[in-house]
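Here the structure comes first, spelled out in structure tokens, and everything after it is commentary.
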Amino acid sequence: MQTVVSLTDVSMAFGTNRVLSGVSVSLREGSVLALIGANGAGKSTLIKILSGVYPGHGGEIAVDGKPVVIDSPSVARSLGIHTVHQRIADGVVPGLTVAENLVFDELARSSFGTYFSLGKILPRARAVAAVLELPWDDDFLRRDVFDLGVADQQLLLLARALDQDPRMLVLDEPTSALSMAEVERLFALIRRLKESGVAILYVSHHLSEIDTLADALVVLRDGRIMLEQGRPFGWNEVVRAMLGEQVLAEETDVVERRGTDVRLELRGVRLRPDAAPQDLAFRAGEVVGVIGLLGAGKSELARGIFGATPFTEGSMVLDGRPYAPSSPSDAVRNGVFLVPEDRSAEALLPGWSIGRTAALPFISSIAPRGLVPRGAEAKRGRWVIDQLDVVCTGDGHDVDELSGGNQQRVVVGRWLAGKPRVLVLDEPFRGVDIGARAAIGLRLRALAQDGAVVIITSSDVDEILQGSDRVLVLGDGVVRADTYLTETNRDQIIERMSEIA
Amino acid sequence: MDLARKTARTRVQAIPMRERVREWTVRYGVIAITLFLLVLFLATEDTFRRPTTILSMLKYASVIAIAGLGVTTAMVVGGIDLSVGGIAGMAVTIAAMTMVIYNQIGLIAVAGVLVAGAAVGLVNALLIVRLRIPDMLATLSVMFVIQGLKLVFVSGQSVSSGMPLPDGTFAKGHFTADFLWIDNGFVGPIPVPVLIFLVLTVAMWIFLTRTRWGRIMYAIGANPEAARLAGIRINRYHALAYVISGLLAAVAGLILASRIGQGDISAGNSLLLDSIAVALVGMSVMGLNLPNAWGTSLGAVMLGILITGLTIAGVPYYAQDVVKGLVLVLALIFSFTLSRKRTRYVSAV
């Protein structure tokens with residue numbers, strides 16, 4: 001098999017922040033190479049370098065053995081490197097017809113002349129659709145592209161790329177919007193492309209897809225290649241390489257506590273549309289770590305319990321009473337709180353002080369008659385600052401001017417004031433420094449000790465190992481393991497995470 | 001070498017100075033312009049110094065300020081209300097119809113207008129919160145609907161005493177004395193509309209900054225998802241903001257109706273742009289970069305001083321619009337260009 005595209009020692013930095021270093025990869029004719037990595041590992045940077053979005057990288061790229069400089073998307077395309085990006089909206093042009101979208105590259109190059117009609121481009125559009133054997137008649141081609149489902153849009157973009165006779169195709173999470181049947185269709189297509197000699201770089205979080213399709217894989221972490229494997233793949237090693245083999249923090253003197261009474265029970269809850277319903281019970285007094293790769297259903301679990309995105313199926317029982325939050329306010333009134341995953345988009349208010357941010361969820365009890373008593377919010381702010389040692393100039397400090405770790409202390413701390421019965425934290429330690437991690441972890445343990453249920457989701461094994469009593473391993477929306485920490489170990493957890501569905 | 005070092009040092013010292021000027025401009029720019037205009041007109045125009053001029057100027061400002069407080073409330077939740085002018089115009093016609101055609105007392109006219117204003121606010125809220133139509137488009141459509149409805153009710157004619165009615169008789173009613181008092185009366189030395197203006201400014205300031213409802217509204221404007229995930233029923237407060245806006249616009253319309261003394265169908269036409277302008281000017285007061293009650297009222301007073309002064313100076317009304325626009329641009333520069341705070345994008349801008 002001949003090498004089509006080879007990257008040698010490719011590196012990239014934004015300012016002083018190195019996002020890729022020394023990456024060397026070869027893509028061979030008729031072969032699928034899978035690219036794996038956690039968020040921020042450098043996958044999208046690599047894709048953008050290949051598709052010409054990031055010129056000015058270090059290292060060398062060669063096509064058919066000849067060095068090339070890919071300094072714009074059109075250069076990438078002319079070299080035969082085509083990319084189907086994860087965000088379909090980046091590729092489909094709304095307001096245009098299906099036909100116009102199919103031949104958009106030519107429209108943009110004005111191959112049809114300055115004035116063109118739909119009639120003029122329809123024959124070309126039919127030809128492009130035929131590449132993928134898409135059963136699209138003229139009526140269909142005349143429709144607005146936004147009438148198409150996500151899957152058809154995905155196929156449209158693929159057809160557009162394939163029509164250009166790519167030497168190499170980059171597929172970035174191509175199945176994220178597809179149903180099972182559509183995934184099958186896509187896989188069949190990829191196999192055909194392989195046979196016709198196209199080199200494919202396949203980026204995915206789903207190990208099962210990679211197991212089905214890939215001939216080889218590389219694992220990226222912190223901008224470096226940590227592992228290269230050919231078939232048969234060793235998934236344990238892959239997940240280990242992906243998540244990092246950090247030296248285990250010295251055995252903390254955390255004493256495992258097991259909860260007694262069931263406080264929150266989930267019955268027949270569906271975490272992903274295609275997954276089986278799950279039953280779960282959370283006991284008062286324990287910290288439950290929920291771990292799984294991206295798309296395992298962690299956020300769905302967290303948001304469902306809080307009513308932010310209610311479960312579509314199943315029911316819950318809280319302290320023996322039916323609990324069906326249709327919105328976060330229902331949850332908050334029941335003492336069920338959530339620290340959301342995306343701090344700045346979901347928790348912070350631009351320009352708001354620590355005091356006001358801390359008081360907001362409980363403003364009704366702070367100001368029962370309506371008028372906010374002078375200093376009440378400041379007092380609440382100081383309480384949070386004390387509880388979690390927030391580094392700041394005082395309760396008037398703007399939360400968005402704090403460091404990530406201190407922001408997180410405020411966001412976590414404000415719920416502590418509300419005496420939580422259940423506190424759910426969705427990836428609470430992402431982008432948070434070690435000091436804040438420790439301070440928050442300590443408070444969470446104390447909270448559980450006082451009889452609350454604490455649920456922490458994470459995709460980092462060590463985070464879960466350090467602060468939890470019980471660990472739940474999720475995969476593809478299904479509970480793969482539910483055990484206490486003393487009954488398991490790091491290797492077992494990783495093994496369950498890396499199981500192929 | 002030596003010289004280079006010296007210039008470098010001067011440059012280092014120069015930056016804080018420039019920085020301080022910028023800070024000052026952002027905080028006090030609008031106030032400074034207002035004071036400057038006031039002093040300028042006081043010094044140059046005799047007529048401007050008369051107390052009656054000052055009072056009529058404040059009366060002019062009060063209608064704009066009250067409608068502007070409505071727009072401000074909608075802006076606090078991150079929206080905009082383009083129907084305030086329409087509501088005020090509708091209020092004028094409703095008041096006239098109630099008293100002139102249906103021969104009712106002033107109190108009923110007041111009640112009717114307020115109910116109608118709240119109702120239109122509720123419709124806005126429904127379109128925006130329930131049917132998820134963007135605020136600007138929803139309130140724009142509602143503006144057209146109520147402007148049209150108003151004309152349909154009166155067959156496109158202004159309502160005045162003695163006008164012929166469709167059944168062949170003549171309108172027997174008239175604007176009652178107590179209704180006319182709303183604009184022409186005094187409490188002590190203060191004209192009633194100015195008093196209403198002051199009371200509503202203080203009330204809205206307290207409501208928005210000192211009560212939990214106002215706090216929640218600002219939270220929704222700052223980050224609706226964060227507010228929702230803090231356990232707030234954001235839809236209720238979002239809706240409430242538009243109802244308040246409708247009510248305030250109706251109050252502005254009441255004063256306008258009392259001032260005109262008849263059901264003028266063109267009443268309130270210029271109010272929309274003026275009230276949005278003062279709310280935007282108000283955002284830059286004290287460098288807050290947030291819609292706020294005091295800022296809006298100060299903006300209205302500034303506009304009053306400007307228009308009154310220019311009128312007395314003999315500047316034609318069409319040229320006044322140019323000046324008005326330039327002042328708005330200046331205020332927007334304070335809050336969008338000069339300010340270091342990230343100014344929230346307001347959909348009206």
Side-chain angles (χ1 to χ4, degrees), chain A residues 302-303 306-309 325-353 355-377 398-401 407 411 414-415 418 420 424 426, chain B residues 26-27 75-78 129-130 202-241 244 283-292 295 335-336 339-346:
Chain A
R303 296 177 67 88
F306 188 57
T309 314
S326 62
S327 73
S329 70
D330 290 343
V332 171
R333 268 180 297 129
N334 278 295
V336 178
F337 306 146
L338 171 77
V339 175
E341 183 181 11
D342 186 336
R343 198 167 45 236
S344 54
E346 299 177 321
L348 298 185
L349 300 142
W352 277 47
S353 66
R356 287 189 180 180
T357 306
L360 184 67
F362 306 106
I363 194 73
S364 313
S365 55
I366 288 173
R369 299 232 194 97
L371 225 53
V372 180
R374 266 179 197 282
E377 291 167 313
D398 273 6
V399 176
D400 40 355
E401 285 168 7
Q407 288 179 346
V411 173
R414 65 175 180 172
W415 289 122
V424 187
D426 197 358
Chain B
V26 167
R27 285 180 78 86
M75 277 166 57
V76 166
V77 293
V129 175
R130 261 297 128 78
V202 173
M204 285 311 291
W205 169 66
I206 291 174
F207 176 80
L208 288 173
T209 63
R210 293 254 165 273
T211 70
R212 70 165 198 254
W213 306 293
R215 188 75 87 244
I216 287 172
M217 286 184 185
Y218 274 113
I220 293 170
N223 185 347
E225 185 60 6
R228 189 176 82 94
L229 293 183
I232 288 164
R233 294 183 183 276
I234 58 173
N235 285 354
R236 287 184 188 181
Y237 294 92
H238 206 163
L240 178 64
I244 291 174
M283 279 179 62
S284 64
V285 172
M286 296 305 290
L288 281 174
N289 271 0
L290 284 171
N292 67 94
S335 43
F336 281 88
S339 175
R340 286 288 151 83
K341 277 192 199 168
R342 198 161 52 96
T343 304
R344 207 176 68 213
Y345 174 78
V346 182

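Numbers restart at 1 for each chain; the letters A, B, ... are given by sequence-line order, proteins then strands. Values below: every heavy atom of this structure, side chains too, minus hydrogens, waters and symmetry copies.
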Examine whether an atom of [X] lies under 4.5 Å from a heavy atom of chain B, and if so say whether it belongs to the side chain, the backbone or both; otherwise answer neither.
X: A:Leu348; value: backbone
X: A:Ala359; value: neither
X: A:Arg369; value: backbone
X: A:Phe306; value: side chain
X: A:Ala347; value: backbone
X: A:Ser364; value: both
X: A:Val372; value: both

Query raised in the report: Should the heavy atoms of other residues, nucleotides or ligands under 6.0 Å from CZ of A:Arg333 be counted, would the total exceed 12?
Result: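 Yes - once you tally the heavy atoms of other residues, nucleotides and ligands closer than 6.0 Å, there are more than 12.
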Query - Contacting region of B:Ile206 [heavy-atom separation from chain A under 4.5 Å] - result: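 The side chain, not the backbone.
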Query - Residue selection (most heavy-atom pairs with chain B, distance under 4.5 Å) from A:Leu349, A:Ile366, A:Val332, A:Asp330 - result: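 Looking at each of A:Leu349, A:Ile366, A:Val332, A:Asp330 in turn, A:Leu349 comes out on top.
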Query raised in the report: What residue, out of A:Pro328, A:Gly307, A:Ala331, has the most heavy-atom pairs lying under 4.5 Å from chain B?
Result: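 Ranked by heavy-atom pairs under 4.5 Å with chain B, first place is A:Pro328.
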Rounded distance [0.5 Å steps], [atom1] in [X] versus [atom2] in [Y]:
X: A:Glu346; Y: B:Asn223; atom1: CD; atom2: CG; value: 9.0 Å
X: A:Ser327; Y: B:Arg228; atom1: OG; atom2: CZ; value: 7.5 Å
X: A:Leu338; Y: B:Leu229; atom1: CG; atom2: CG; value: 6.5 Å

**Report entry** Check: A:Pro368 main-chain N/O paired with B:Arg212 side-chain donor or acceptor under 3.5 Å
**Finding:**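 The answer is yes, because a donor-acceptor pair under 3.5 Å joins these two groups.
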Shortest non-hydrogen contact from [X] toward [Y]:
X: B:Trp213; Y: A:Gly370; value: CH2-CA, 3.3 Å
X: B:Tyr218; Y: A:Trp352; value: C-CZ2, 3.8 Å
X: A:Pro350; Y: B:Ala222; value: CD-O, 3.6 Å
X: B:Ala230; Y: A:Leu360; value: CB-CD2, 4.1 Å

